[in-house]
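For reference, the structure is listed below as structure tokens.
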2 protein chains.
Amino acid sequence: MSHTLGARQVQKQKTRQALLDAALGLLEEQSLSSLGLREVTRAVGVAPTAFYRHFHSTADLGVALVEEALGSLHPMIAGTVSASGDSGERIDRAVSLIARHVREHPAHIRFIARERNGGVQKVRAAIAEQMARFTAEVRTELAGQPESVGWSDDDLLMLAGLYVDQMLMTAGAFLEATPGEVDQVAREATRRMRLISIGRRHWLD
Amino acid sequence: MSHTLGARQVQKQKTRQALLDAALGLLEEQSLSSLGLREVTRAVGVAPTAFYRHFHSTADLGVALVEEALGSLHPMIAGTVSASGDSGERIDRAVSLIARHVREHPAHIRFIARERNGGVQKVRAAIAEQMARFTAEVRTELAGQPESVGWSDDDLLMLAGLYVDQMLMTAGAFLEATPGEVDQVAREATRRMRLISIGRRHWLD
DNA sequence: CAAGTCAGTGAACAACTGTTACCACAAGCG
DNA sequence: CGCTTGTGGTAACAGTTGTTCACTGACTTG
């Protein structure tokens, strides 16, 4: 979509990415509202003023982090819901996909879980918007399944929201779990999803 | 349980409560990890050093806030689950009880929702402990209901956790909702709870 | 190749932070 | 009553913060 950009832009993007990475690292032990601009630049090794070339404020950086963290989740969510097999197999597959994603990108999902109700309004809004997008995607995915005949659009959206929220909570539980607790978290999450699926099957009774 | 304590202790408790109240107010627009000790004392109108007479740090104050905020929730949760009537009536009652509690103590539940995944480890742990206690209470409450015959203890605990998490998420949704959206949030929460209840009814099939 | 653009630098600013040591003075107690 | 206890206040400390201004020098463009 864009022709090869000059060495100038490349270097700029590299610094910008370094700022994002450093911020994500620092946010493992604090919230965005306490993240200082100087703290980030110090971790990267650039002058504090360089920050302004990329972001207006740390809140702005937070919004960029939301895009980065949730952008990579779109394919996963889609793959989770549209998997083949019966209900039980799909749930197992979904839970292990979540576990893998948390293992590979812990800082990203920690950031989302933390700032979803965090102290920075713009970041909360950005996360809510992306989550609504997820929910809508899951809804259309669910709509194509045979179990969904006779469902109203509203009810499908409700079910999708329930699934999405449950996924994020499961991811958060994986994060806090010690290595020894991971299996138990997975089993609990599986049973929760199974109960929801059972509720889905009898919703129209 | 304690005999009337002297005017000394009374004044101390009053200051302590003022610090807690001021902190809760300040935390509506930021997270605990960015809350400064001086900020709190300034809001109360006492010297910064007075803070140390009551708390070691702002993290300590956060733990105290957890007790205050979740202590008042115990009776509500119990009343929610053990209400009389059929499943649908109990759900409606629970949702409106949540709505009322959010309306009356918005700062408390905002604090809990925010710091549940917040940047302060000790506060996260305190919230997790209280939530586990809630879940256990709901479990024993559920165990006494006729719908629970044949359920294993593990499955009851799973269901209780699902309910408790759903309640907190509903409370959080009420918080972010504009006055015009409140009714829609209530309806969505009701439908979610209903689906879970349906899943419960057919769990042993 | 000259001119201009712009990412990053360095110094300075006023304001703020947590923490310390020391003091004042009212309450509690022998 | 005198003595101790302990809440709260004052003053000062070394560091930190966000933001400004003028600057350098490598890249881009005409």
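A, B, ... follow the sequence lines: proteins, then strands. Residue 1 opens every chain.
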Q: Quick one: list whatever passes side-chain contact (heavy atoms from CB on, under 4.5 Å) with A:Arg93, sequence neighbours left out.
A: A:Ala83
Q) Taking only residues two or more places apart in sequence, or in another chain, which ones meet A:Glu147 in a side-chain contact (heavy atoms from CB on, under 4.5 Å)? A) A:Arg90, A:Gln145, A:Arg200
Q | Nearest-0.5 Å distance, CZ of residue A:Arg16 to NE2 of residue A:His54 | A | 8.5 Å
Atom pairs under 3.5 Å: protein N/O with N/O of nucleotides 7-10 of chain D:
residue: D:dT7; atom: OP1; partner: B:Lys12; partner atom: NZ; Å: 2.9
residue: D:dG8; atom: OP1; partner: B:Thr15; partner atom: OG1; Å: 2.4
residue: D:dG8; atom: OP2; partner: B:His54; partner atom: NE2; Å: 2.6
residue: D:dG8; atom: N7; partner: B:Arg53; partner atom: NE; Å: 3.0
residue: D:dG8; atom: N7; partner: B:Arg53; partner atom: NH2; Å: 3.3
residue: D:dG8; atom: O6; partner: B:Arg53; partner atom: NH2; Å: 2.8
residue: D:dG9; atom: OP2; partner: B:Ala47; partner atom: N; Å: 2.6
residue: D:dG9; atom: N7; partner: B:Thr49; partner atom: OG1; Å: 3.2
residue: D:dT10; atom: O4; partner: B:Thr49; partner atom: OG1; Å: 3.2

Q: Using heavy atoms and a sub-4.0 Å distance, could you list which residues of residues 18-42 of chain B are near DNA chain C? By number, please.
A: B:Gly36, B:Leu37, B:Arg38, B:Arg42
N/O donor to acceptor pairs below 3.5 angstrom from side-chain atoms of residues 162-176 of chain B, sequence neighbours left out:
residue: B:Tyr163; atom: OH; partner: B:Ser197; partner atom: OG; Å: 3.1
residue: B:Asp165; atom: OD1; partner: B:Arg116; partner atom: NH2; Å: 3.0
residue: B:Asp165; atom: OD2; partner: A:Arg192; partner atom: NH1; Å: 2.9
residue: B:Asp165; atom: OD2; partner: A:Arg192; partner atom: NH2; Å: 3.1
residue: B:Thr170; atom: OG1; partner: B:Gln166; partner atom: O; Å: 2.8
residue: B:Glu176; atom: OE2; partner: A:Arg124; partner atom: NH1; Å: 3.4

Q: Let me know the distance between NZ of A:Lys14 and C1' of D:dA26, rounded to the nearest Å.
A: 15 Å
Q. What distance separates B:Leu73 CG from B:Phe134 CZ, expressed to the nearest 0.5 Å?
A. 4.5 Å
Q | Side-chain donor or acceptor of A:Arg38 paired with backbone N/O of A:Ala47 under 3.5 Å | A | no
Q: Using atom OH of B:Tyr52 as one end and atom C1' of C:dA21 as the other, report the distance to the nearest whole Å.
A: 13 Å
Q) So, A:Ser148 side chain and A:Gly144 main chain: donor-acceptor pair closer than 3.5 Å or not? A) no
Q) B:His101: what forms a ring-ring contact (aromatic ring centres under 6.0 Å, His included) with it, not counting sequence neighbours? A) B:His105
